[in-house]
2 protein chains.
Amino acid sequence: MSTSRSKPKAGRTTRSADAGTVAATKPSKIAASRTVASKPLSGRAAKAAERRAAIVAAGLDEFVARGFAATRLDDVAKRAGVAKGTIYLYFTDKEALFQELVRYALVPLIERMSAPPAAGGSARAMLEGFAEGFVRDVVQTRRGDILRLIIAEGARFPSLSEFYYREVVARGMAGMRQLIEYGIARGEIHNPALLQFPQLLVAPAMVAVIWQGLFARLSPLDAMAMLQVHIDLIFGERRTA
Amino acid sequence: MSTSRSKPKAGRTTRSADAGTVAATKPSKIAASRTVASKPLSGRAAKAAERRAAIVAAGLDEFVARGFAATRLDDVAKRAGVAKGTIYLYFTDKEALFQELVRYALVPLIERMSAPPAAGGSARAMLEGFAEGFVRDVVQTRRGDILRLIIAEGARFPSLSEFYYREVVARGMAGMRQLIEYGIARGEIHNPALLQFPQLLVAPAMVAVIWQGLFARLSPLDAMAMLQVHIDLIFGERRTA
DNA sequence: TGATTATGACTGACTGGTCAGTCATACTTT
DNA sequence: AAAGTATGACTGACCAGTCAGTCATAATCA
């Protein structure tokens, strides 16, 4: 049982059937955007993509602010400048919107996690670069909200946490592991046991995200400074910061 | 309209004023000893406390499983073996139940955080003891669920995150800071910058809690082993595990 | 002590408002 | 005109919170 109400699912006409049935895997057929330019993008398709994007953006704001159960589709519609019925032209139901939206919002993070760690210099420099980017692009942005949203709702949407694990966590862990190996090979990292728990490299980053959401107003946190100290810890002593 | 309720007997009068944290105060003298063999028929106060506890326990289960908004008070009542109206004899409304319940559940954690770190040995031993206790009493228990609940709902209940910050986080940070100072004094910890970010000591513990809730089924985590590696990191250990 | 009355804890049917999802109608584009 | 798209009033389930009435228990009385 999901958190939403169960509906009787009365017989329905075949009309709006599969607006977004694919939810499970592909991002979507319509929204894909111009990249797969099979058509010259008639005004219609463009408008559809726009509408879809507006709904997603509005949904993101609302879901982040109120959580899944407390979000009203009426509000999403209003924020998107669209009638409620329109949402159902693009998404089969509230849950589909939610899941697709989170997955869509995760794409940049997935790309970041999949990108090669820009090898070359020291492992330390690589980790520092990663931390810097994370603070800049995640901790202090909407992306952080999404992470918090997943932490909050993930347990109630198994397929979502699975997706997140597969696409973000697993990749991130693999990347971190690589970095650790590299660091060990270069003699920068001395504890090979770290390889078993790459989570330890990113744990402070997670804490920074959570802190930002819960306690920032009570006690601001200089995330970058914290990560810097953490990195010092990983690589052993270093000059006074 | 019509029928059913006849008898315009305006009985009602006062209702239990507040139902605040007290509710069941002093049973005076009676109660306690009145216990009869198998039937726990003690005084009213005892029964009231029991009922209250049942509601709190039921609420904890439900809120943890579904989150605040999606939890139905009907379900809480059913689980507690009580009528819905009864809940309102003890708590003013859903939110009051939620907040009181979380605070109540936090008490053991608060005590743990306030307890003196059992000084004497090495800072490392102290941290190890802390980690062990945390894994045993939090990560793998209901208490972990509560932490996750706070992370999930905290942003929507400012007074709750404030309470949590004041009673748990602030104390925990103070304790960690003390421990770090002690470690520095003993020459076990070499990076004084840690004092500015005691969060770093507990970050992996937080990650363990979150992991347990979201990914345990996909990829089990040996929390204690992870914390051990983390501790090695803090204290600059480097011998091959 | 047993009988009678007072108390207030407890109940659950009910109300009023909310909201996900539908669909007849209207509007646009081709 | 046909096909596709958008609308928003509407429906029906749903649920927090209420309250008139019940009944176990305590308090008082005979």
Side-chain angles (χ1 to χ4, degrees), chain A residues 2-17 19 30 39-40 42-52 54-55 62 66 68-78 80-98, chain B residues 1-17 19 23-24 27-31 34 36 39 41-52 54-55 59 62 66 68-78 80-98:
Chain A
S2 73
T3 49
S4 66
R5 306 169 210 266
S6 53
K7 57 205 171 169
K9 191 82 159 223
R12 47 188 357 227
T13 56
T14 48
R15 200 163 84 76
S16 66
I30 309 173
K39 287 179 190 171
S42 68
R44 213 173 220 176
K47 209 165 160 194
E50 230 168 71
R51 274 220 169 352
R52 195 187 170 83
I55 293 169
E62 293 290 330
R66 317 174 115 77
F68 176 79
T71 289
R72 292 177 291 263
L73 251 26
D74 276 307
D75 289 348
V76 174
K78 198 191 302 182
V82 145
K84 182 160 65 154
T86 305
I87 293 176
Y88 287 87
L89 297 177
Y90 294 91
F91 304 92
T92 52
D93 61 11
K94 189 184 179 183
E95 190 171 325
L97 167 61
F98 176 67
Chain B
M1 289 277 74
S2 75
T3 74
S4 31
R5 276 2 27 152
S6 41
K7 270 299 182 121
K9 182 73 178 288
R12 225 47 204 97
T13 71
T14 48
R15 70 194 295 99
S16 64
S28 276
K29 49 202 173 171
I30 38 168
R34 184 56 63 82
V36 180
K39 271 289 180 72
L41 276 184
S42 8
R44 298 238 264 233
K47 211 164 159 194
E50 231 170 69
R51 275 228 164 1
R52 195 189 171 80
I55 293 169
E62 293 289 330
R66 320 174 112 78
F68 176 80
T71 290
R72 290 176 292 260
L73 251 24
D74 276 306
D75 290 348
V76 174
K78 198 188 305 179
V82 144
K84 183 159 64 154
T86 304
I87 293 176
Y88 288 89
L89 298 176
Y90 294 90
F91 304 92
T92 53
D93 60 12
K94 189 184 182 184
E95 187 171 329
L97 168 61
F98 176 67

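Rounded to a whole Å, the OH atom of B:Tyr88 is 7 Å from the P atom of D:dT18. Note: NZ (B:Lys78) to C1' (C:dT11) measures 16 Å, nearest angstrom. D:dC19 atom C1' lies 11 Å from atom CG of B:Leu89, rounded to whole Å. In this entry the distance linking CZ of B:Arg66 with C1' of D:dC14 reads 14 Å, nearest Å. In this entry the distance linking CD1 of A:Ile87 with P of D:dT5 reads 17 Å, nearest Å. Per the geometry, CG belonging to B:Asp74 stands 15 Å off P belonging to C:dC14, to the nearest Å.
Helix-axis bend for the helix from C:dT1-D:dA30 to C:dT30-D:dA1: the local axis fitted to the five terminal pairs at one end deviates from that at the other end by 10°, rounded to 10°.
Interatomic distance, CG of A:Asp75 versus CZ of A:Arg66, reported as 5.5 Å (0.5 Å rounding).
Across all their heavy atoms, B:Arg52 and B:Phe91 have their closest contact at NH2-CE2, 3.7 Å. For B:Leu97 against B:Val76, the heavy-atom pair with the smallest separation is CD2-CG1, 4.4 Å.
A search for side-chain contact (heavy atoms from CB on, under 4.5 Å) contacts involving A:Ala83 returns A:Thr86, not counting sequence neighbours.
The side chain of A:Arg51 lies closest to D:dT7, out of D:dT7, C:dA20, D:dG17. For B:Leu73, taking side-chain heavy atoms from C-beta onward, the closest of the listed nucleotides D:dG17, D:dC15, C:dA20 is D:dG17. For B:Lys94, whose side chain is taken as the heavy atoms from C-beta onward, the closest listed nucleotide among C:dC10, D:dT7, D:dA16 is D:dA16. You'll find that the side chain of B:Tyr90 is closest to C:dC10, out of C:dC10, D:dA6, C:dG21. Checked against C:dG21, C:dT11, D:dG8, the side chain of B:Ala83 finds its nearest nucleotide in C:dT11. When distances are taken from the side chain of B:Thr86 to each of C:dC10, D:dT7, D:dC15, the shortest belongs to C:dC10. With D:dA6, D:dG17, D:dC15 as the choices, the nucleotide that has an atom nearest any side-chain atom of B:Arg72 turns out to be D:dC15.
In the interface, the side chain of B:Lys47 is not paired with the base of C:dA9 through any donor and acceptor atom under 3.5 Å apart.
Sorted by first and then second residue, the salt bridge (Lys or Arg N to Asp or Glu O under 4.0 Å) pairs with a member in residues 80-95 of chain B read B:Asp74-B:Lys84; sequence neighbours excluded.
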